[in-house]
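To keep things clear, I will list the structure first and then write my remarks on it.
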Amino acid sequence: MIDAMESSRPERVEPQLDERALRANLRELDDAALVAEYLDGRRHAFHELAERYHTRLLNFIYRTIGDRDRAEDLVQETFVRVYRHLHRFDPTKKFSTWIYTIASNLAKNELRNRSRNPLVLFQAIKKNWEADHRPLQWEDSSYSPDDLYRKRHLREQVEKAVAELPEHHRVVFVLREMEGKTYEEISEITGVTLGTVKSRLNRARNKFALIVGPMLE
Amino acid sequence: MSCDQFIERYTDFRDGLLDSETRAEVEGHLADCACCERYHRVMQRGLELLSDIPSAESSDDFMPRLRHRLYNVDCGVTEGRRSFGGSAALVGVAAVGLLALFWLPFAASVPLEMELAAVSVQPPPPGSADLPSLFRSGPFVSTLRVEGDSYTDGYLTEFEWPPASAVHTAVAIEASYLRSEPAHLNR
């Protein structure tokens, strides 16, 4: 298997072009073209993919598992896996769906491992507690402190409401509401049927409305 | 349309997936039912707040760390590629080790010579009780013998200074080689 992986791994044959020009050219390309460039030996293409996706994946995993630092580790792991297996990627599929599938699986594994490890659970609770008690920082002077406090408080409550959703519902909810994925993409990423996606999304939205309802009125 | 039917179709309604007829039914129910209207309003506001949440940003060292990890992945592949060569080298080293083991009893009679980092010790000022740095405690792998007194491998933890004999009152050592034979101390 290692041999098979190596045979398709691109060699380091980067032409000595001006790096800025090279990156600017790569930025113009879509994901599929970047993958093709990388497989053709242009290593900068992978870094462009990483630049393009790291923040999105961080937010997706962070909203799914609720731990920012750990989310960053998992984003790193996602890219390492993509790097290792990019030669196996089916170019007829969407790259974004593939990378989100990897990230989603890592997030699910993380949640599963946490549920088995009480210490991690305790650390997450402690971290949340610390976040709740951090001093307020006013981010925009054009609003009154009261408005800002209320807005910030509401945002935090809404974030908490997402965290309270059951795991399967939360992944679907985040993919739809925060990442703007289509039902078909969510179905591919999570490996469930379209019907299940719809039903989970409907339940997640109901639960979300129930949690945030009292504080929004 | 009942409230249950409304809730059931709400996801499709929200995502614009209903046909025009069903959509009109849902909108009609929304206009008549305060409870479902509240549900819709709460959902709308909640999702707006959700989209207002500032995006989490990666730490500054995210990309350098990633590059480092990818570099390690490449190195791992290289090792894999050379795994056969690595195994052969391991067998070779084991063979040399076995030979050395058989050769060792014969080698014991041969003076052993090893290369160490150059050592330079200044003689202490006359009358000083300070030890030259070579003779302070610390790692020193060799056998040092001074006029019949032997200080063996490992750590030189004890050394008498000034030595009892007057011949050692001043010592200078400059050596990059130490032999297992008695060390030559320049007086």
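Protein chains get the first letters and strands the later ones, always in sequence-line order, with residue 1 at the start of each.
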Among B:I53, B:I7, B:L17, which residue has the highest count of heavy-atom pairs closer than 4.5 Å to chain A?
B:I53
Could you go through the side chain to side chain contact (heavy atoms under 4.5 Å, CB included) check for A:H54 and B:L66 one step at a time?
CA-CA 10 Å; A:H54 76 277; B:L66 180 61; over 6 Å; no
Select one option (side chain, backbone, both, neither) describing which atoms of A:F173 are under 4.5 Å from chain B's heavy atoms.
side chain
Contact origin within A:Q76 toward chain B - heavy atom pairs under 4.5 Å:
both
For B:M43 versus A:A209, what's the shortest heavy-atom pair and its separation?
CE-CB, 4.0 Å
With a 4.5 Å limit on heavy-atom distance, are the side chains of B:L70 and A:F46 in contact?
yes
Is A:L58 close to chain B through its backbone or its side chain, or both, or neither, when contacts mean heavy atoms under 4.5 Å?
side chain
Steps toward salt bridge (Lys or Arg N to Asp or Glu O under 4.0 Å) verdict (B:D74, A:R43):
CA-CA 12 Å; B:D74 283 340; A:R43 297 175 61 81; 2.8 Å; yes
Side chain to side chain contact (heavy atoms under 4.5 Å, CB included) between A:F208 and B:L47, intermediate numbers included
CA-CA 9 Å; A:F208 177 75; B:L47 294 178; 3.9 Å; yes
Any side-chain heavy atom of B:V73 sitting closer than 4.5 Å to one from A:F79?
no
Rounding to 0.5 Å, atoms CZ (B:R69) and CD (A:E77) come to a distance of 4.5 Å
Considering all heavy atoms, the nearest B:M63-A:A50 contact
CE-CB, 3.7 Å
Test side-chain hydrogen bond (donor to acceptor under 3.5 Å, both in side chains) on B:S58 and A:E72; report intermediate values, then the result.
CA-CA 7 Å; B:S58 308; A:E72 195 165 303; 4.9 Å; no
Between A:R176, A:Q157, A:E51, which residue shows the highest count of heavy-atom pairs closer than 4.5 Å to chain B?
A:R176
Nearest heavy-atom approach of A:T55 to B:S55 is CG2-OG, 3.6 Å
Evaluate the criterion salt bridge (Lys or Arg N to Asp or Glu O under 4.0 Å) for residue pair A:R155 and B:D52; output intermediate values, then yes/no.
CA-CA 8 Å; A:R155 272 193 209 144; B:D52 267 0; 5.2 Å; no
What's the separation between atom CG in A:D73 and atom CZ in B:R65, rounded to the nearest 0.5 Å?
6.0 Å
Can we say A:K198 and B:D15 salt-bridge, meaning some charged N sits less than 4.0 Å from an Asp/Glu carboxylate O?
no
NZ/A:K108: more than 12 non-hydrogen atoms of other groups inside 6.0 Å
yes
Which atom pair, heavy atoms only, marks the closest approach of B:A56 to A:R63?
N-NH2, 4.5 Å
For B:D19, is the CG atom crowded, meaning more than 12 foreign heavy atoms sit under 6.0 Å from it?
yes
Does atom CZ (A:R203) have a neighbourhood of more than 12 heavy atoms from anything else shown, all under 6.0 Å?
no
Here the gap from B:Y39 atom OH to A:N206 atom CG, rounded to the nearest 0.5 Å, amounts to 3.0 Å
